[in-house]
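In what follows, every heavy atom counts, from backbone to side chain, and hydrogens, waters and symmetry copies are set aside.
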Amino acid sequence: MKKILIVDDDVDIIELIENRLRKNNYEVIVSNDGDNGVKKALQEKPDLIIMDIMMPRMHGGEAVKLLKSYEDTKDIPVLFFTAMNSYLPNDSALDHVNVNGQFYPAITKPFEPNKLLSTIKSLVGE
């Protein structure tokens, strides 16, 4: 069973994703801020991290930058989750996030649950 860490400060989003993933036989770990998300990733070593960008205590980009500096977590795939599409021109969707010169896939909120699930499956090799 693949283990996924969800790091987001929106409890409704966490619940929605968590329920969907559990129904699809994933083990789910949750965190509501970047600082705690880093700690949980180091403890649990998930197969994938779903990281919100705008969070209290530590920005998602900073959390990923920190995780990529640790040997135990540097190779864990990351999927960013963001509401930042509202800042993009012509309703274009954000499909990646650049953190320290490294590009990571991104899904914008609100999201289509089936697209999220298919992206997760491709990132964990299913």
The criterion is salt bridge (charged side-chain N to carboxylate O under 4.0 Å, His left out); which residues satisfy it with [X], sequence neighbours excluded?
X    : answer
K121 : none
D10  : none
K39  : D35
D33  : R57

Pairing residues for [X] by the side chain to side chain contact (heavy atoms under 4.5 Å, CB included) criterion, not counting sequence neighbours:
X    : result
L116 : I17, L79, F81, I107, F111, I120
R20  : N24, P113, N114, L117
E27  : M1, K3
D9   : D52, M55, P56

At their closest point, which heavy atom of [X] faces which heavy atom of [Y], and how far apart are they?
X    : Y    : value
K115 : S118 : O-OG, 3.0 Å
P46  : A41  : CD-O, 3.6 Å
G34  : A63  : O-CB, 4.0 Å
V124 : K2   : O-NZ, 3.4 Å
K40  : V30  : NZ-O, 2.7 Å
L48  : P77  : CD1-O, 3.3 Å

* **Pairing residues for E71 by the side chain to side chain donor-acceptor pair (under 3.5 Å) criterion, not counting sequence neighbours** => K74
* Structure fact -> Hits for side chain to side chain donor-acceptor pair (under 3.5 Å) against K23, two or more places apart or cross-chain, chain-then-number order -> none
Quick one: pull up [atom1] in [X] and [atom2] in [Y] and give me the separation to the nearest 0.5 Å.
X   : Y   : atom1 : atom2 : answer
D72 : Q43 : CG    : CD    : 12.0 Å
E62 : K65 : CD    : NZ    : 4.5 Å
E18 : I13 : CD    : CD1   : 13.0 Å

* **Which residues share a ring pair (Phe, Tyr, Trp, His ring centres under 6.0 Å) with Y26, sequence neighbours left out** => none
* Can you find a pair of side-chain heavy atoms, one from T73 and one from L42, that are under 4.5 Å apart? -> yes
* Under a 4.5 Å cut-off applied to non-hydrogen side-chain atoms, are L67 and I49 in contact? -> yes
* To do: Test V28 against every option in I50, I14, I6 by the side-chain contact (heavy atoms from CB on, under 4.5 Å) rule and name the one that passes.
  => I6
